[in-house]
2 protein chains.
Amino acid sequence: MYPKFLRMFSLSEENYLKAIYHLEIISNKGISTNAIAEKLETKASSVSDMIKKLSEKEVIIYKKYQGVTLTDFGKKTAANIVRKHRLWEVFLVEKLNFSWDEVHDVAEQLEHIKSPKLIHELDAFLGFPSHDPHGDPIPDNDGNLKVLEKSLLATLSKNESGVCVGVKDSSAEFLQYLDKKGITLGKELTVLEKEDFDDSLSIQIDGKKLSVSNKIATNLYVKK
Amino acid sequence: MYPKFLRMFSLSEENYLKAIYHLEIISNKGISTNAIAEKLETKASSVSDMIKKLSEKEVIIYKKYQGVTLTDFGKKTAANIVRKHRLWEVFLVEKLNFSWDEVHDVAEQLEHIKSPKLIHELDAFLGFPSHDPHGDPIPDNDGNLKVLEKSLLATLSKNESGVCVGVKDSSAEFLQYLDKKGITLGKELTVLEKEDFDDSLSIQIDGKKLSVSNKIATNLYVKK
DNA sequence: ATTTATTTTTAGACAAGACTAAATTTAATT
DNA sequence: AATTAAATTTAGTCTTGTCTAAAAATAAAT
């Protein structure tokens, strides 16, 4: 009923791969069953089942009770899904007037479309973007991504300046907050003051003074 | 694990609805189990099962052994899927350099993406196209489609002219044949001669003379 | 009008992917 | 080191969507 290439990895399998991929970026150790379960909002027993299948398909390395690691093939496969996700996000924002807080759910669907030509052409159509609307890097066709050296706003010292290049938290609430305050990627800002008692900052942006909480400052990336 | 709106109709349910929708256009009687099975390349018993579910969901009317008919809601739902399919086809051809014989499989996947905003914006981005790359009409947001009065090339008389507006067979082989012969939508052609013994035609197109078989002439639509 | 053929439906089985509850293994504590 | 706690796996069940084989209903043909 469905074309063969759709069956290479099922929707579920792709979601597991992507979850493990994202978890590996922050953890550098074997990824635990529970961590995957939490990320996918499913149960540990379901993860345990799926892990066996993915292990048989040789996209992850798995020893009982030891957590999992992506194989090179698994990493490449996962990176390709992330590549698609982020390219679609660029498309939605640049061409279809989506705002950066609206793209996630749709990209979550579009990332599973199977067609090498589609992605190749979409990439060209968008002018080979290097980052998605949240500042996250887009893996290239081989799954490699060049990581921009970026710092959390909270790490800037007084009088230091930086350009907004990404967000750590990309929830709609946070993104809408940033919009409201006029903070968008590419904007330059300068730290005017750092408050010791609550770690809030006073920053200058667009010539205006703005006070931001520590929570904001630890979720916004800048390039010094 | 998946967003709620994805569950309104499953992938399978959507494919059944679409199949029935297409079959109703040609048949105007109740659609038989076997016809659906053939269209979806599945077994009659599977169709029989699914029919019950769709009937409970009130998208089709079903009486045992009597075939099925789409309800208004079912028709609207199916038309919406076809709308998405055809809009994506336009996108692929107009923006991503796909040829008209390459779009089907990808559009078959893209048509299941759930996002009203996505389709609304895509429609606008494409300039509200009325037909897909094969000349098939794109249903509007309410599922209505205005049917262009069109005739098969084979029905033209000697010395009559027409503009290519669509194909009946949209298989890759046929479309590639048309490309090779320089026959594309919008081209004007004139019937120079009709051969009685094999119903082949001699036509004029782009100032050149071309002989086309009856099979071609009964699969190409023109507007007189 | 019977018989035959075709279509459709039912019954029972299976795979994928999820779940609950119970068992097992590893980690943490006393 | 022994016990408790937490994490992981297994066992068994459920749903969706498919299938085969058999039964039932309709249509066709003698």
Side-chain angles (χ1 to χ4, degrees), chain A residues 1-20 23-24 27 29-69 77 81 108-109 112 114, chain B residues 1-20 23-24 27 29-69 77 81 108-109 112 114:
Chain A
M1 179 149 194
Y2 313 123
K4 276 202 193 66
F5 55 76
L6 266 179
R7 269 176 261 157
M8 288 186 52
F9 290 100
S10 71
L11 185 55
S12 256
E13 288 170 338
E14 291 200 346
N15 283 331
Y16 273 92
L17 283 175
K18 195 171 48 121
I20 298 167
L23 289 167
E24 273 194 352
S27 93
K29 278 178 276 177
I31 306 304
S32 75
T33 302
N34 261 1
I36 299 169
E38 191 186 10
K39 181 129 211 168
L40 293 177
E41 294 180 73
T42 184
K43 294 298 152 76
S45 55
S46 310
V47 174
S48 213
D49 286 344
M50 181 58 92
I51 272 173
K52 280 176 216 149
K53 278 205 295 183
L54 292 176
S55 175
E56 274 161 32
K57 290 200 172 185
E58 304 189 343
V59 283
I60 59 175
I61 310 245
Y62 164 60
K63 274 193 232 130
K64 275 190 189 175
Y65 298 98
Q66 300 306 121
V68 302
T69 319
T77 305
I81 301 167
E108 203 78 356
Q109 299 176 61
H112 300 289
K114 266 80 170 179
Chain B
M1 179 148 194
Y2 313 124
K4 274 201 194 71
F5 54 75
L6 265 179
R7 269 176 258 157
M8 287 187 54
F9 290 100
S10 71
L11 185 55
S12 257
E13 288 170 339
E14 290 200 348
N15 283 332
Y16 274 90
L17 282 175
K18 194 170 50 121
I20 298 167
L23 290 167
E24 273 194 353
S27 91
K29 278 179 275 177
I31 306 304
S32 76
T33 302
N34 261 2
I36 299 169
E38 191 185 10
K39 182 127 211 168
L40 293 177
E41 296 179 74
T42 184
K43 294 298 152 74
S45 56
S46 308
V47 175
S48 214
D49 286 343
M50 180 59 91
I51 272 173
K52 281 175 215 151
K53 276 204 295 181
L54 292 176
S55 176
E56 276 162 29
K57 290 199 171 188
E58 304 189 342
V59 282
I60 60 175
I61 309 246
Y62 164 61
K63 271 191 236 131
K64 274 189 189 177
Y65 297 98
Q66 299 307 120
V68 302
T69 319
T77 305
I81 300 167
E108 204 78 356
Q109 298 177 61
H112 300 290
K114 267 79 171 177

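Computed from a prediction, not measured in an experiment: that's the story for all the values here. Within every chain, numbering begins at 1; the chains are lettered A, B, ... in the order of the sequence lines, protein sequences first and strands thereafter.
Nearest nucleotide to the A:Y65 side chain, out of C:dA18, D:dC19, D:dT9: D:dT9. Picking from C:dC19, C:dT10, D:dT8 the nucleotide with the shortest atom distance to the side chain of A:S32 gives D:dT8. When the nucleotides D:dT8, C:dA18, D:dT26 are ranked by their closest atom to the side chain of A:A44, D:dT8 comes out on top. In this structure, the nucleotide among D:dT8, C:dT8, C:dA18 sitting nearest to the side chain of A:N34 is D:dT8. Of the candidate nucleotides C:dA18, D:dC19, D:dT9, D:dC19 has the atom lying nearest to any side-chain atom of B:S46.
If you measure from atom CD of A:E14 to atom P of C:dA16, you get 16 Å, rounded to the nearest angstrom. A:E41 has its CD atom 11 Å from the P atom of C:dC19, to the nearest Å. Atoms CD (A:E38) and C1' (D:dA6) sit 15 Å apart, rounded to a whole Å. In this structure, the CD1 atom of A:I31 is 15 Å from the C1' atom of D:dA7, given to the nearest Å. When the P atom of C:dC19 is taken as reference, atom NZ of A:K43 falls 6 Å away, rounded to whole Å.
Regarding contacts with the backbone of D:dT10, a side-chain N or O of A:K52 is found under 4.0 angstrom from either OP1 or OP2. The side chain of B:K64 places no N or O atom within less than 4.0 Å of a non-bridging phosphate oxygen (OP1 or OP2) of C:dT8. In this model, the phosphate group of D:dT10 is not approached by any side-chain N or O of A:S48 to a distance below 4.0 Å at OP1 or OP2. Note on B:Y62: every side-chain N or O is 4.0 Å or more away from OP1 and OP2 of C:dT8.
At a cut-off of 3.5 angstrom, counting only N and O atoms as typed in the model, there is a donor on one side and an acceptor on the other between the side-chain of B:S45 and the base of D:dT20.
Annotation for B:M8 and B:K57: closest pair O-NZ, 3.3 Å, computed over non-hydrogen atoms. Across A:H112 and B:Q109, no two heavy atoms sit closer than the pair O-OE1, 4.3 Å.
Rounding to the nearest 0.5 angstrom, the gap separating the CD1 atom in B:I81 from the CD atom in B:E14 is 4.0 Å.
When each of A:D49 and A:Q66 is assigned the nucleotide of DNA chain C with its nearest heavy atom, A:D49 is the one assigned upstream, toward the 5' end.
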Problem set entry | B:K18 vs B:K39, side-chain contact (heavy atoms from CB on, under 4.5 Å): CA-CA, chis, key distance, verdict | CA-CA 10 Å; B:K18 194 170 50 121; B:K39 182 127 211 168; over 6 Å; no
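The only member of B:I36, B:V47, B:T33 that meets side-chain contact (heavy atoms from CB on, under 4.5 Å) when paired with B:V68 is B:I36.
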